[in-house]
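I have placed the structure first, in the form of structure tokens, so that the comments after it can refer back to it.
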Amino acid sequence: MSAGHADAGAERYDEQPVHDLVGIGFGPANLALAIAIAEHNAHSGGARALRTAFLERQREFGWHRGMLLAGATMQVSFLKDLATLRDPGSRFTFLRFLHERGRLVDFMNQKTFFPTRIEFHEYLSWCAAAMGEQVRYGRQAHAVRLPGDGDVLEVLSRPADGPEAEAEAEALRTRNLVVGAGLTPHFPEGVEPGPRVWHNRDLLPYHRSLTDRPHRRFAVVGAGQSAAETAEFLHREFPDAEVCAVFSRYGYSPSDDSAFANRIFDPDAVDHFYSAPEEVKQSLMDYHSNTNYSVVDPDLIEQLYRTSYQEKIAGAERLRFLNTTSLTAVEEREGDVRLHLRPLVEGEPYTLDCDAVVMATGYRPADPRTLLGPLAEECLTDGRGRLRISRDHRVLTTTRIRAGIYVQGAISQHTHGITSSLLSTLAVRSGEICDALLLDRAGRSVPVTPVEAEPAEDLAVTAD
């Protein structure tokens, strides 16, 4: 797309209404925010209603679709949904979803706080369907401008893919921007994705391409929950193939799900973390990283160990653990992929030929400064180059920008703690950002665009 097209689009939209908020990305974080704002609008009256729009590059709502494995459960309580901790009476709680689906009693009879990932995705999609008019699916934000005196930002977007990719840009003008662009799959240095080298994010769609013929061996690189789930899944789905789990530890480390450790996910813990000195923040992250990072649910660890042991008894080992082993290179070849491995304790380097290798090697937060372009220079940073972020999740900027720039996700982990990239406090955080949109930096009410408030009954979610 030429710069001329983008400029023409921007000029044509100059007379469009100014939004109070434009959101980049429509995953669970911005979905929770959309719900909080919709409920505010329904109860506040037209004069204080907020005009919003969200841009999402996917064609429809989806959350980690590639890891919606049959039987895989959430690691977070259903009570930490998109609304309950902010407002237990919300129409968008997981319990309300179950009630409208006719499954509330059936779920209760399971005696669990942890729904399957598939069912929770259904809940998220149910919520997203009610927010549909606010979301422009299939559009990718590619630039943010400051066209005037700093009070309003201009967000340019274009079709994310497909035959319309050369279409002209759309421009949305807004007093506030919230970036919830999520996480980017991480590959080890020197490893590139390919037809037989996948990130676990793409496990389900990619594995289907290999189901039409027999296979010898798969490898899974990584030691966290996703790695363990991937190894179990491939072992189950391909009963004639060997599955090799490759990691540098002796074994999977169990996650700490104890009651006291889980307090790190409480909403109050965000306040404590934010106000703590830098050395205390680092200590808290070190102490409690085993609640979430590179750890595995203990029940799954036991299941995999039992499987491996039973296969040893039977003399037919299909599930192998290549522990204390480092991956040094991946060589994708015609018809297979070769891993170059180095034992960390003893033995010589060796190679392992596989039909495919899955990199369960985590994610990295998307940096909103990439989207902001030259405006990124107006964002204040700390001594380590990290964004300075206020308690209400607003990026601190120079006085040149008076419009609000908010962030959601792991990019704020250094200021708001371990829950930044998790579901645990989404409901509370969405309320905090919604409240912040109604206040300027001096604490006065922000002038908002008068729009007709939606009647409360319009927020009902259908069972379709």
Side-chain angles (χ1 to χ4, degrees), residues 64 67-80 110-118 120 183 186 188 199-201 203 218-236 243-266 269 273 282-313 317-327 343-345 358-363 410 413 417-425:
H64 295 303
M67 286 295 290
L68 296 180
L69 309 181
T73 59
M74 299 291 293
Q75 267 68 59
V76 62
S77 166
F78 70 85
L79 293 173
K80 295 181 178 180
Q110 291 187 115
K111 300 180 180 179
T112 181
F113 277 86
F114 306 103
T116 65
R117 200 172 294 154
I118 290 174
F120 202 78
L183 300 166
H186 172 69
H199 192 272
N200 67 273
R201 180 192 67 170
L203 176 61
F218 297 98
V220 180
V221 179
Q225 180 72 22
S226 294
E229 289 179 351
T230 298
E232 189 279 330
F233 172 79
L234 293 174
H235 184 267
R236 171 165 38 92
V243 178
C244 298
V246 181
F247 44 80
S248 58
R249 307 178 181 189
Y250 269 100
Y252 297 118
S253 298
S255 59
D256 186 352
D257 192 33
S258 60
F260 285 110
N262 273 343
R263 295 177 69 176
I264 194 67
F265 304 120
D266 291 352
F273 189 93
Q282 188 58 55
S283 295
L284 289 172
M285 292 297 297
D286 293 342
Y287 291 151
H288 296 289
S289 62
N290 65 342
T291 58
N292 183 65
Y293 296 113
S294 297
V295 289
V296 180
D297 180 78
D299 290 340
L300 181 55
I301 293 176
E302 292 182 10
Q303 176 187 339
L304 292 172
Y305 191 89
R306 283 195 303 269
T307 298
S308 174
Y309 184 68
Q310 293 301 323
E311 288 183 349
K312 287 181 179 179
I313 294 174
E317 294 184 56
R318 288 200 306 114
L319 182 58
R320 297 176 56 202
F321 299 101
L322 307 183
N323 58 358
T324 62
T325 298
S326 173
L327 174 71
L344 298 178
V345 177
V358 181
M359 296 291 173
T361 46
Y363 296 82
Q413 184 169 266
I418 199 169
T419 61
S420 295
S421 63
L422 307 177
L423 298 174
S424 300
T425 59

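Remember, it's a predicted structure, so these values are computed and weren't measured experimentally. Count residues from 1 along the sequence.
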So, does [X] use its side chain to make a donor-acceptor pair with the main chain of [Y] at under 3.5 Å?
{"X": "D256", "Y": "T291", "answer": "no"}
{"X": "T325", "Y": "V246", "answer": "no"}
{"X": "S77", "Y": "L79", "answer": "yes"}
{"X": "T307", "Y": "Q303", "answer": "yes"}
{"X": "S308", "Y": "Y305", "answer": "no"}
{"X": "R318", "Y": "E311", "answer": "no"}
{"X": "H199", "Y": "G362", "answer": "yes"}
{"X": "E229", "Y": "L69", "answer": "no"}

Mind checking what makes side chain to side chain donor-acceptor pair (under 3.5 Å) contact with R236, not counting sequence neighbours?
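Applying side chain to side chain donor-acceptor pair (under 3.5 Å) to R236 gives E232.
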
Looking at every heavy atom in both [X] and [Y], which two are closest together, and how far apart are they?
{"X": "A70", "Y": "I118", "answer": "CA-CD1, 4.0 Å"}
{"X": "Q413", "Y": "F273", "answer": "O-CE2, 3.6 Å"}
{"X": "A227", "Y": "A223", "answer": "CB-N, 3.8 Å"}
{"X": "L300", "Y": "Q225", "answer": "CD2-NE2, 3.8 Å"}
{"X": "P298", "Y": "S255", "answer": "CD-OG, 3.7 Å"}

Would you say the side chain of [Y] lies within less than 4.5 Å of the side chain of [X], judging by non-hydrogen atoms?
{"X": "T425", "Y": "F265", "result": "no"}
{"X": "N290", "Y": "S253", "result": "no"}
{"X": "I264", "Y": "Y287", "result": "no"}
{"X": "F247", "Y": "V221", "result": "no"}
{"X": "V220", "Y": "F233", "result": "no"}
{"X": "H235", "Y": "V243", "result": "yes"}
{"X": "V76", "Y": "L422", "result": "no"}

Atom [atom1] of [X] and atom [atom2] of [Y]: how far apart are they, to the nearest 0.5 Å?
{"X": "T116", "Y": "Q110", "atom1": "OG1", "atom2": "CD", "value": "8.0 Å"}
{"X": "N200", "Y": "M359", "atom1": "CG", "atom2": "CE", "value": "11.0 Å"}
{"X": "S226", "Y": "L203", "atom1": "OG", "atom2": "CG", "value": "9.5 Å"}
{"X": "Y252", "Y": "D297", "atom1": "OH", "atom2": "CG", "value": "13.0 Å"}
{"X": "L319", "Y": "R306", "atom1": "CG", "atom2": "CZ", "value": "12.5 Å"}
{"X": "R201", "Y": "M67", "atom1": "CZ", "atom2": "CE", "value": "12.5 Å"}

With a cut-off of 6.0 Å (strictly less than), are more than 12 heavy atoms of other residues, nucleotides or ligands near CZ of F114?
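More than 12 heavy atoms, drawn from other residues, nucleotides or ligands, come within 6.0 Å of this atom.
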
Are there over 12 heavy-atom neighbours, none belonging to R263, within less than 6.0 Å of that residue's CZ?
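At most 12 heavy atoms, drawn from other residues, nucleotides or ligands, come within 6.0 Å of this atom.
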
Could you go through Y293 and I418, starting from their C-alpha distance and side-chain angles, then the distance that decides it, and tell me whether this counts as side-chain contact (heavy atoms from CB on, under 4.5 Å)?
CA-CA 10 Å; Y293 296 113; I418 199 169; 3.7 Å; yes

